[in-house]
Structures are given as structure tokens and as C-alpha cells.
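Report on the structure given below.
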Amino acid sequence: MVGHQGGTMEEDTRNNCTPQMGRKTLTAPAPFADETSCQCQAPHEKLTIAQARLGTPVDRPVRVYADGIFDLFHSGHARALMQAKTLFPNSYLLVGVCSDDLTHKFKGFTVMNEAERYEALRHCRYVDEVIRDAPWTLTPEFLEKHKIDFVAHDDIPYSSAGSDDVYKHIKEAGMFVPTQRTEGISTSDIITRIVRDYDVYARRNLQRGYTAKELNVSFINEKKYRFQNQVDKMKEKVKNVEERSKEFVNRVEEKSHDLIQKWEEKSREFIGNFLELFGPDGAWKQMFQERSSRMLHALSPKQSPVSSPTRSRSPSRSPSPTFSWLPHKPSPPSSPKAASASMSSMSEGDEDEK
């Protein structure tokens with residue numbers, strides 16, 4: 001069975017070296033230093049940085065130590081630990097976390113308590129072992145106890161506890177390895193954001209069920225925040241109504257466009273059909289002309305031929321093709337002389353016919 005950096009599990013057990021179990025942290029939290037059942041008993045000769053960079057035997061990883069407060073553990077902390085872990089080809093990273101008493105004494109109040117900060121470090125993939133209640137200033141006894149080869153930290157002088165740089169003696173001993181800070185992220189920056197937007201977070205937590213006492217909010221501010229929450233809810237409702245109304249209007253517009261398009265298609269179809277029926281060459285005109293000719297033909301009888309004996313010059317018939325259905329009665333003579341004149345004319349006509 002292969003152990004850390006290619007070593008076998010038998011070698012790990014023989015050396016009684018906790019560092020060889022470090023790769024288990026990829027699937028389990030890193031162990032606490034004071035809870036391990038064995039101490040590192042592997043050969044621990046003094047190393048230089050040049051020797052460490054060339055690589056060490058499998059059973060002799062370079063033990064790198066990094067310490068800090070690690071309040072509100074963030075990506076800047078993780079990147080610093082990643083650099084410390086990858087400084088050398090074969091390394092074992094120990095991380096020291098200061099207690100609440102030391103931190104509050106030398107630096108200030110923390111958001112997370114020490115137990116929360118310890119647990120945050122245990123679940124970082126780059127950490128092989130966590131040292132609780134780490135000292136503020138590293139002593140030779142502490143370095144010897146944990147077999148620390150090098151200390152990793154950013155190169156900016158860290159003034160604290162009456163010293164201009166708490167890592168000055170580590171640098172002088174040649175045990176200091178610098179790392180780079182991650183710009184744009186720090187615990188102080190996160191706290192500054194919270195303080196700047198305090199009202200927003202207080203209102204949010206009140207809305208989520210926290211009490212004013214838990215948030216250390218006065219009675220007046222509590223009422224103000226709750227009123228602002230109600231106003232925000234009302235604004236949100238109005239916004240939702242506006243969005244829904246816009247969606248409704250858009251749907252109506254889409255449907256109206258469809259209706260107008262369908263109406264135009266139907267109107268074109270109706271006009272085309274109308275023109276087919278009633279246009280200059282439409283079927284209705286032809287049908288009307290046919291029916292009109294039939295009606296005229298039915299009302300006007302065929303004229304008799306010229307040689308027909310039935311045609312006579314009788315004065316009772318009109319030369320027009322129309323019939324006179326009622327017989328023409330001559331008006332009575334107005335005087336005896338007129339009567340005699342009419343009789344003589346009739347007799348002359350009869351003679352002419354004969």
C-alpha cells in the first residue's frame with residue numbers, strides 16, 4: 001500500500017511519523033497536534049532552503065509551519081496556505097492557530113471563536129496538521145517540539161507584542177520562507193463591508209427571525225428597520241405587478257398582431273372573391289347578362305316573315321313589334337256631318353282593298 005509521496009505504509013509505521021499520514025486529509029479533516037497518538041521520530045537533521053528545494057527522502061518531509069488568527073477564513077488564507085504547502089517538493093504543513101485570549105489581548109476581538117477557527121483550518125485541503133493555542137511569538141522550544149524546519153509567512157514586518165517584527169529572529173536563523181499576500185481580500189476588508197452595510201444586514205436578519213436583542217438593535221431602530229422591510233416588500237410587489245402587466249401587454253400585442261394578420265388575409269380573400277363575382281369579367285356579370293338576354297328573348301316574340309299572308313295593312317294593327325291586346329274603338333263622331341264623312345272614307349277604303 002502506497003503512503004505519502006510514494007512511501008509504503010510499513011515505512012510510515014516503522015518511523016512512527018505522523019506526517020506520513022498527511023494525505024488522508026484529502027478525504028478527512030486534518031488532525032490536531034495534541035490529539036495524535038505518536039510524535040514524529042524520523043531523522044530530523046537541520047536543512048537549508050537549498051537542500052529542501054532539491055527534495056528530501058520520502059520518510060523525511062520538510063516540516064513547514066504557518067500561523068495566524070484565520071478569522072472569517074477566506075480565499076486569501078487558503079492561497080497563503082497553498083503557497084506554504086508547495087514551497088518544497090516534499091512538505092508537511094503544520095498550521096498554528098492562536099487562542100481567543102491571545103488574539104483579543106494582542107490584536108482585538110474576533111468574529112469567530114477559537115473552536116470555529118480551528119475547525120475551519122482542519123477542513124482546508126492544504127493543511128496536514130493543526131496546532132491549537134499556538135504561541136504568539138515562536139520560541140526555540142516550540143520549534144524543537146514540533147520539529148519545524150521552516151516558517152512561512154508574508155514578508156511584511158509584523159509588529160506586535162512590543163516587537164517591530166515577531167518573525168525577526170526566525171529570519172535571522174535562516175528559517176523564514178516568504179509567501180505572497182492576496183490583494184483585494186482580507187478579514188479587515190470583510191468586516192469593513194459588514195460595518196458599512198450594517199443596516200442592510202440588520203434588516204435582513206430581523207426579517208429572517210432574529211430578535212433585536214440578538215442583533216443589539218435599539219427599539220427605535222428595530223421599528224425603523226421593520227418599516228423599511230415593509231416598504232421594500234411593497235416595492236417588490238409593485239415591481240412584480242409591473243412586470244406581470246408588461247408581460248400581459250406583450251401577450252396582447254402579440255395576439256393583436258396575429259389577429260390583424262389573419263384579418264388582412266381574410267380581407268384579401270374576401271376582396272378577391274368579390275372581384276371574381278362582381279368584377280368587370282366576373283361570373284356574376286356573365287350570369288346577369290345571360291339571364292337578361294333570356295328575359296328579353298322571352299318578352300319579345302319572334303317577328304313574322306315578310307311574305308307571310310297574315311301581315312296586312314289593317315289599320316287596327318300597329319307597325320311596332322309590340323302587341324296591342326285591347327281592340328281600338330273609334331271615337332264616336334261629334335256631329336252628323338262628321339259621321340257621314342267617316343262613312344264615306346270607310347267605303348273608299350273598302351273599295352281600295354277590293
Side-chain angles (χ1 to χ4, degrees), residues 29-30 32 66-83 95-127 130-136 153-154 156-161 166 179-248:
F32 290 120
D67 60 357
I69 309 302
F70 301 105
D71 191 20
L72 297 175
F73 189 81
H74 51 75
S75 61
H77 294 141
R79 288 179 64 86
L81 297 176
M82 178 186 69
Q83 294 178 59
V95 179
V97 184
C98 299
S99 65
D100 286 344
D101 291 339
L102 282 177
T103 305
H104 298 167
K105 179 180 179 181
F106 292 110
K107 189 170 184 178
F109 190 73
T110 58
V111 178
M112 300 169 64
N113 59 43
E114 60 184 27
E116 294 169 336
R117 294 185 284 115
Y118 296 154
E119 282 297 318
L121 265 298
R122 290 187 67 197
H123 292 84
C124 178
R125 63 182 299 179
Y126 310 112
V127 179
V130 176
I131 301 176
R132 293 183 285 192
D133 193 14
W136 198 261
H153 200 273
D154 62 80
I156 300 174
Y158 192 81
S159 58
S160 180
V166 295
T179 58
Q180 299 295 323
R181 292 178 64 89
T182 302
E183 297 298 331
I185 183 69
S186 68
T187 301
S188 299
D189 292 339
I190 296 174
I191 294 175
T192 300
R193 298 178 203 171
I194 296 172
V195 173
R196 180 189 61 197
D197 300 325
Y198 171 77
D199 289 351
V200 176
Y201 297 125
R203 288 167 52 192
R204 183 187 67 180
N205 287 351
L206 280 173
Q207 193 172 3
R208 290 181 176 180
Y210 288 88
T211 63
K213 184 178 180 181
E214 291 173 330
L215 296 173
N216 195 24
V217 173
S218 65
F219 177 80
I220 296 176
N221 285 335
E222 178 189 5
K223 298 304 178 184
K224 181 183 71 173
Y225 294 150
R226 294 192 183 280
F227 176 74
Q228 289 174 344
N229 288 336
Q230 294 297 327
V231 172
D232 290 344
K233 287 182 179 179
M234 185 62 64
K235 289 181 179 179
E236 188 68 23
K237 288 182 179 179
V238 172
K239 183 179 179 181
N240 292 335
V241 171
E242 290 179 352
E243 291 178 354
R244 291 178 183 177
S245 62
K246 288 180 181 178
E247 291 179 359
F248 177 76

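Atom NE2 of residue His77 and atom CD1 of residue Ile185 lie 8.5 Å apart, to the nearest 0.5 angstrom. Note: Phe109 CZ to Ile191 CD1 = 10.0 Å, rounded to the nearest 0.5 Å. Between atom CD1 of residue Ile194 and atom CG of residue Asp189 there is a gap of 11.5 Å, rounded to the nearest 0.5 Å. To the nearest 0.5 Å, atoms CG (Asn221) and CG (Leu206) are separated by 10.0 Å. The line from CD1 of Ile220 to NZ of Lys223 is 11.0 Å long, rounded to the nearest 0.5 Å.
Across all non-hydrogen atoms, the minimal contact from His74 to Thr187 is NE2-N, 3.3 Å. Annotation for Cys124 and Leu81: closest pair SG-CD1, 4.1 Å, computed over non-hydrogen atoms. Here the closest heavy-atom approach between residue Cys98 and residue Pro135 is recorded as SG-O, 4.2 Å. The nearest pair of heavy atoms linking Tyr118 to Ser99 is OH-CA, 3.8 Å. The minimum heavy-atom distance between Ala202 and Leu215, with the atom names listed, is O-CD1, 3.6 Å. A pairwise comparison of heavy atoms in Glu242 and Ser245 identifies O-OG, 2.6 Å as the closest pair.
The shortest side-chain heavy-atom distance between Thr211 and Val217 does not fall under the 4.5 Å cut-off. By the 4.5 Å heavy-atom criterion applied to side chains, Leu72 and Met112 are counted as neighbours. Side chains of Val166 and Phe106 form no contact here, defined as non-hydrogen atoms less than 4.5 Å apart. Val130 is not listed as a side-chain neighbour of Phe70, based on a closest heavy-atom distance of 4.5 Å or more. Side-chain contact check for Arg122 versus Val127: every heavy-atom pair is 4.5 Å or farther apart.
More than 12 heavy atoms of other residues, nucleotides or ligands sit less than 6.0 Å from atom OH of Tyr198. Annotation for Arg132: atom CZ counts as buried by contact number, over 12 foreign heavy atoms lying within 6.0 Å. Heavy-atom contacts from other residues, nucleotides or ligands closer than 6.0 Å to CG of Asn240 number more than 12. In Glu214, the CD atom is crowded: over 12 heavy atoms of neighbouring residues, nucleotides or ligands sit closer than 6.0 Å.
Using a cutoff of 4.0 Å between basic side-chain nitrogens and carboxylate oxygens, Lys246 and Glu243 are not scored as salt-bridged.
Side-chain atoms of Arg117 come within 3.5 Å of backbone atoms of Ile69 as a donor-acceptor pair (strictly under, hydrogens ignored). The backbone N or O of Asp100 sits nowhere less than 3.5 Å from a side-chain atom of Thr103 that would complete a donor-acceptor pair. At distances below 3.5 Å, at least one donor-acceptor pair connects side-chain atoms of Gln83 with backbone N or O atoms of Gln180. Not one N or O on the side chain of Glu119 forms a donor-acceptor pair closer than 3.5 Å with the backbone of Glu116.
Ring geometry, Trp136 versus Tyr158: the interplanar angle falls from 30° to 60°, so the pair is classed tilted.
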